[in-house]
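Order of the sequence lines fixes the chain letters, A, B, ..., with proteins taken first and strands second; residue numbering starts at 1 for each chain.
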Amino acid sequence: MIRTKSQIALAAVAGAAAVALADPALAQEAAGEAVAEPAALPVSAETAYIFNTLSFMIHGFLVMFMAAGFAMLEGGLVRTKNTTMQMTKNIGIYSFAGLMYWLIGYNLMYNGVGDMGGFFGMPGPWGAADPIVDGAYQGDAAGYAGASDWFFQMVFVATTASIVSGVVAERIKLWPFLIFVIVLTGVIYPIQGAWQWGGGWLADAGFSDFAGSTLVHSVGGWAALAGAILLGARTGKYGPDGKVHPIPGANLPLATLGTFILWLGWFGFNGGSQLAMGSAIDVTAIATIYMNTNLAAAAGVTVAMVLTQAIYGKVDLTMALNGALGGLVSITAEPLAPSPIMAILIGGIGGVLVVLAVPTLDKLKIDDVVGAIPVHLVCGIWGTLAVPLTNSGANFGSQILGIVSIGAFVFVASFIVWFVLKMTMGIRISDEEEAIGLDKAELGLEAYPEFGRGSQAL
Amino acid sequence: MIRTKSQIALAAVAGAAAVALADPALAQEAAGEAVAEPAALPVSAETAYIFNTLSFMIHGFLVMFMAAGFAMLEGGLVRTKNTTMQMTKNIGIYSFAGLMYWLIGYNLMYNGVGDMGGFFGMPGPWGAADPIVDGAYQGDAAGYAGASDWFFQMVFVATTASIVSGVVAERIKLWPFLIFVIVLTGVIYPIQGAWQWGGGWLADAGFSDFAGSTLVHSVGGWAALAGAILLGARTGKYGPDGKVHPIPGANLPLATLGTFILWLGWFGFNGGSQLAMGSAIDVTAIATIYMNTNLAAAAGVTVAMVLTQAIYGKVDLTMALNGALGGLVSITAEPLAPSPIMAILIGGIGGVLVVLAVPTLDKLKIDDVVGAIPVHLVCGIWGTLAVPLTNSGANFGSQILGIVSIGAFVFVASFIVWFVLKMTMGIRISDEEEAIGLDKAELGLEAYPEFGRGSQAL
Amino acid sequence: MIRTKSQIALAAVAGAAAVALADPALAQEAAGEAVAEPAALPVSAETAYIFNTLSFMIHGFLVMFMAAGFAMLEGGLVRTKNTTMQMTKNIGIYSFAGLMYWLIGYNLMYNGVGDMGGFFGMPGPWGAADPIVDGAYQGDAAGYAGASDWFFQMVFVATTASIVSGVVAERIKLWPFLIFVIVLTGVIYPIQGAWQWGGGWLADAGFSDFAGSTLVHSVGGWAALAGAILLGARTGKYGPDGKVHPIPGANLPLATLGTFILWLGWFGFNGGSQLAMGSAIDVTAIATIYMNTNLAAAAGVTVAMVLTQAIYGKVDLTMALNGALGGLVSITAEPLAPSPIMAILIGGIGGVLVVLAVPTLDKLKIDDVVGAIPVHLVCGIWGTLAVPLTNSGANFGSQILGIVSIGAFVFVASFIVWFVLKMTMGIRISDEEEAIGLDKAELGLEAYPEFGRGSQAL
Amino acid sequence: MKLVMAIIKPFKLDEVREALGALEIQGLTVSEVKGFGRQKGQTEIYRGAEYQVNFLPKVKIEIVVATDMVERVVEAITSAARTDKIGDGKIFVMDVEKAVRIRTGETDADAL
Amino acid sequence: MKLVMAIIKPFKLDEVREALGALEIQGLTVSEVKGFGRQKGQTEIYRGAEYQVNFLPKVKIEIVVATDMVERVVEAITSAARTDKIGDGKIFVMDVEKAVRIRTGETDADAL
Amino acid sequence: MKLVMAIIKPFKLDEVREALGALEIQGLTVSEVKGFGRQKGQTEIYRGAEYQVNFLPKVKIEIVVATDMVERVVEAITSAARTDKIGDGKIFVMDVEKAVRIRTGETDADAL
Ligand SMILES: Nc1ncnc2c1ncn2[C@@H]1O[C@H](COP(=O)(O)OP(=O)(O)O)[C@@H](O)[C@H]1O
Ligand SMILES: Nc1ncnc2c1ncn2[C@@H]1O[C@H](COP(=O)(O)OP(=O)(O)O)[C@@H](O)[C@H]1O
Ligand SMILES: Nc1ncnc2c1ncn2[C@@H]1O[C@H](COP(=O)(O)OP(=O)(O)O)[C@@H](O)[C@H]1O
């Protein structure tokens, strides 16, 4: 089969052209109306409804799979003795987040935000208002199934919580962590989400964040930063002399797998954020987003590899993995408007930021086990700031306003929650438990419990 | 971009609304016809055909990936010395099942079941009857490509067989196991499938099983149970005093990955079982199914975590993983009708059942390596029984009839096949081989053959 | 829910049938026009555009995920001491390939190949020519978003490069390898691609390669073969006496996971190569391709398992995994035309070829770490040769012409590039570095850096 | 005091530990090792090429005991670890001059 | 020369190595082992069934030193490895008759 | 009888085993260990922070042989394991009082 464009046109969609050619009047009319309502004309409302819903579902399941990506990435970058715990947290996060977002989160974020002054919606369990009455489709103003929208928004909130678990790994107690996740996904995330995606005051102020460089990634980063400060570093990470003692991750293939899964999921994350697929314009936008997302990630990896080679004389795989994610987070605030070369630049700068931010954080003695703060917070800010470079509808003032207001809110709110947890239940395990590892100390179950291959379990 | 519903309506699908608003007569007419033939009006037959086929393909590849999920889950829960074998079985299962279902299974399940008294169809290789004649689409009564339907049904049968391999792991011989898989996927599964999904006597009796809590999951569970009884427990699992000696799985990150992959695949499993996507009603149904499926799984995890914490004082990751799957199996019989809260309840009870059934099975000295009987059989029964709670078209009598008749048939048929295999080839490896591990004893290939990281292979 | 075809027809797409039945004239007319322009009539041009673009996106992300599949497969089949390197190469490959294909590759392959005598296109950065002008859809001759096409073609080129990395693993230096990847993906692959898929001289000569048995898989195989010859075998692989010393892969569950991911990705690889989904004919073709792809892979596994049992007395998991891939590569040149039984035969012969080619290669002392040459080169040739068996539009002469011309070009061009690299930077690490492993020697980072589970990192 | 060092088949470890428990042995240390001996590994085939597995998985047990216990310890290990098949392993006895319990500083017999 | 063999808690290894470094010990060899002793593992529950963890992770250090160094080495290990909690481990001292440095063929004291 | 304990570079194991095979040594036991010695690990950089790799992978071979074999065994190991680069390792020889073959109960020379 020949894959040239012209050939395709002659073969696959010949009919479409043929129809237009056969009936000039029809084509004329179509073109005429196309000016008025260009995108919708040739796609029936119900067909558009199916496409829009399908986009939420496909892109939603891709984002859902990011939960596995985070689990593997984090599971690969912690030490063996904390791996079961990291798995437990990650399956817990995805589950708890999903329940909380149903119970109050979705409505707190989207339900009548305008009526509440643009600060938050009316909380309460989510319920569908789907355009199906008595088994018949009655047309619908929204253009997609409510449940698909809920599903797509829900997987985003889970992502935010996953970011936190990587930063505070290897020293935090299980249940206080999960309680924080409950508050984050049920309350903190939805409130700031309401400001922008819920159509609240920040949206009115002209802030622009297409798929969540700030609303999802920075939020996770700020929440994690607050936790990391209150928790302190892992024992032994920073010497008394200020020297950094690296603690290499235990399983790099797992971390690599996790990164590839996240990369895959990001097509859903950014692509689905077009929020519609029922027109040529929308689907073309999604295709462009796929391309830009991939170019930014590729640039992030490339830059991280070249830069670690240049600075340290060796390519650092973990930095390359972080570079991919840094590129992805950077393009997330605006994956549609950039030209390919701009997408490469935006992602590449994300790669630079990651390589520089990781040691900087260590200098500040903020112990981030998986590099999530450089990736999600630093690149999240960068990506949001970069929006006006390519999107003429955005401006730097509003972008800074959004970054600062959301950052301040999330950091302070998270700090308070972490602080209350610290004062009440305590958030950090004892030194001895840390030495033994969370798996044995808190869960009584090792990730790789056998004593070597050859022997039986001891 | 603002993500509120109203905004979307105004932006993305403005055209659709605009058309309706611009021409009230058209809208009127549409609404009028919508009552008569609501779903179909605005989606052309060929467009619906594409959507329906696409649904089978997308959801089919998600279910296909569950083969990897089972392989990883089982590979993580057996001991290192049996891991290569578990991988071999799983790639074998998916392959053999796919060939058998083409060779006789599909037609035995779907081909003229009514003519055979509703008990089974006419076996024989599957062949497409697609509505493409001489390269032109001729309209089609079925509304989807036959090959896509075959693909979707085929991946289900592979799932059933995967369930068995987890239960009987670590002590069964390779080839007798694979022969059982051939009979299960080519004969046993299709026959009982014909009763219900093939439109046979059970369907006539009013049984309801949307995506296969009974037809797929319980069937795998019953077949496995018969095998586990005839095989006996792994050496050392149960002390002479009746004491249970746990044999922890060797690689929990792998098991976690497997669970996440299965969870992902389940959107295909349940969503695709709507069997159509070419109307607003169908796609809305699928969206609802995604949401309910996710809520049930999340509830299963949550309950399993809370319950193991409460009963044993520690969260048990393997129970949380089983809890996710228990929730998923429970909602599979009816993922569409439940409200969100009912989906949570149904899945949550699945989580309870798993936590209780695992030790119960041990008390009965039935050795189920991965917990597949609690997950797939027990929760499969529960999910099927729960259908009438939310689906007014179902009743408890028919549900019990279905559970019992399919259970009896599959258990007895499987028992006979296992028994014949035991009497002829033998199904269990020797004690010494078991001590050495199947990898070395039967395959001569270890899963992790190196002697430690630092050394070369020895 | 009953899943029989007739039931579906009555339920899900009842409307469609009803419309046709209700208005015989309309149906008549539809049928009448169907003869003239059968596929397109009932799908509007914009709807077809969305479907076509969606196909590229869905199938593209499946192929993208194959990058993870290759990484895991190769990571599982090398020794632990070279695993970090294999991860680094694989994330590098996918990234570099994506940038190069944007920078020059795509246009070199597709841009005005006819004007350049059919030998290559006009290189230069890719830019979309999408039918969206001033935010309005203006109709489009191509029938899909250009970015989606770019994305889909890009993931193919990454696949080609991944094939190479497996063959030359465990002894090649990082940067020379990556430079080769840059030349391969930016220049060598696109040029030969232009001959056929770009509509160049080979397409004119009647060559047929649906999804790339030759254009992608053999190309990777030839490029790798040239490298393997110039590199030489791993130290210790072949004894002075000519004896083969196997070097077992370090992590078979990882290799199995990789194979399942590749299998999943192949639905995208072959299915997406239909290049359109906006008609019943196209979607039916894709469904058929899914089925044939799966049957061929299943046959490859089955044959490899039975054959290794017969020849060696034991099933060899790594051969079964290779068998799956061999079946997949074999069907890739023509996944649409074969009947199911022919797909099984084509894939099954692929399995035979793999089992026979692996030891043959060893006899030639060509050290292929993961078996990529048997899988991708040998089966790629076989699959291409087999096209005329089922596709009456192809003939053996043209097939041989394509295989030989592309093979000669890629092998010679690759050999020259490898040779220049060898003479300048050197391509092989020192014996001592090889003994230590690439991870420590070149990257200073072990894949599993801990000294056992119980201890802290040393 | 003597060090009794036993190389046994891995799956015999539990039985050996129990047999030693019966002698009121309070402590021992186990390592995973590979053994080369009269027991030959199977000839395996990997991807069509034969190879000889020379090293087999074994477990090494080290126990320091008072000299008068040595006989009984050797006895106990011997009978618990025996399968009568080649490769059952060896026991070696060596002299230990001094023992210290780190926690208390106790030495020799008191340290065991 | 003597072989000092110490079984310690894994997380104490770094401190022990530093303490030995202070004595200008030039070499040592470490293995990962499992210990059975007075320190009992927790009772764990896996999928609803209790089990006793008998073997705990330990690290074994082997150092061959000149006889006159033994006291100081034992001392250094004892104080660096001590946590005063049960399971701190043991030190055993054994006689070594001969030492060879492979690289040079030097023997005994020169080989250490 | 003597215990010959050799710490060598991992990739030399095969050659050493072959050299010992030539002496008709029937058995030996291998463990994976980490060595600390004059040979320093490279300074590595992980995520921008330097660290010193102190412990290098080594293999420990333990062979119990009749006393009259010791010289030849030490010789064989020395020449097979030598790369003339730092870190080649050490050989230590210790006395063994008793050896038992578990399978047969044979002792001492017969047990080897
Ligand atoms: N001379 C020896 N020195 C050290 N270890 C030995 C020696 N001989 C045997 N071993 C260990 O004992 C194990 C069993 O020995 P082998 O000769 O296979 O059988 P058997 O114990 O029945 O004679 C070997 O795998 C090896 O670990
Ligand atoms: N007799 C012994 N022989 C060899 N190793 C021993 C012996 N006794 C104890 N050990 C090792 O020392 C470790 C610590 O001993 P244990 O009795 O638990 O505590 P403590 O050292 O405080 O007395 C054990 O885990 C075991 O590895
Ligand atoms: N005194 C010692 N006691 C025990 N093991 C030692 C001792 N000295 C060295 N080793 C072991 O020998 C290995 C090689 O020693 P090293 O000093 O690095 O080089 P070389 O053998 O060339 O002198 C070390 O890694 C360590 O495992």
Pairs of heavy atoms under 4.5 Å with chain B: top-ranked of [options]:
options                : result
C:A298, C:A255, C:A304 : C:A298
C:I341, C:T259, C:D316 : C:I341
C:I286, C:I58, C:N251  : C:N251

Looking at [X] and [Y], would you say the former's side chain and the latter's main chain have a donor-acceptor pair under 3.5 Å?
X      : Y      : result
C:K81  : C:A435 : yes
B:T53  : B:A145 : yes
C:E434 : C:T235 : yes
C:E170 : C:R234 : no

Is chain C contacted by the side chain of [X], its backbone, both, or neither, given a heavy-atom distance below 4.5 Å?
X      : result
B:M72  : side chain
B:M57  : both
B:I261 : side chain
B:I50  : both
B:F61  : both
B:E334 : neither
B:L178 : side chain
B:T84  : both
B:M154 : side chain
B:A71  : side chain

(request) Ignoring hydrogens and angles, state whether a donor on the side chain of C:W263 or C:N294 is under 3.5 Å from an acceptor on the partner side chain. (result)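 Indeed, the side chains of C:W263 and C:N294 share at least one donor-acceptor pair under 3.5 Å.
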(request) Measure distances from C:I344 to the heavy atoms of chain B and classify the residue's part below 4.5 Å as side chain, backbone, both or neither. (result)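 Side chain only.
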(message) Looking at every non-hydrogen atom in both residues, tell me the closest pair between B:M64 and B:Y94 and how far apart they are.
(response)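 Result for this residue pair: CG-OH, 3.0 Å.
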(message) Under a 4.5 Å cutoff for heavy-atom pairs, which residue among B:G60, B:S148, B:A68 has the most contacts with chain C?
(response)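 Most heavy-atom pairs within the cutoff with chain C belong to B:A68.
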(request) List for me each residue that meets side chain to side chain donor-acceptor pair (under 3.5 Å) alongside C:T293, sequence neighbours excluded, and say none if there are none. (result)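 Expected list: C:N270.
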(message) Suppose we screen for side chain to side chain donor-acceptor pair (under 3.5 Å). Which residues come up paired with C:K237, at least two apart in sequence or across chains?
(response)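 C:K237 satisfies side chain to side chain donor-acceptor pair (under 3.5 Å) with C:D362, C:D367 only.
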(request) Please assess B:Y49 against C:T284 for the test side-chain hydrogen bond (donor to acceptor under 3.5 Å, both in side chains), listing each intermediate value before the final yes or no. (result) CA-CA 9 Å; B:Y49 179 96; C:T284 304; 2.6 Å; yes
(message) Please determine whether a side-chain nitrogen of the Lys or Arg among C:R79 and B:E450 lies less than 4.0 Å from a carboxylate oxygen of the Asp or Glu.
(response)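 A salt bridge is absent here (no side-chain N lies under 4.0 Å from a carboxylate O).
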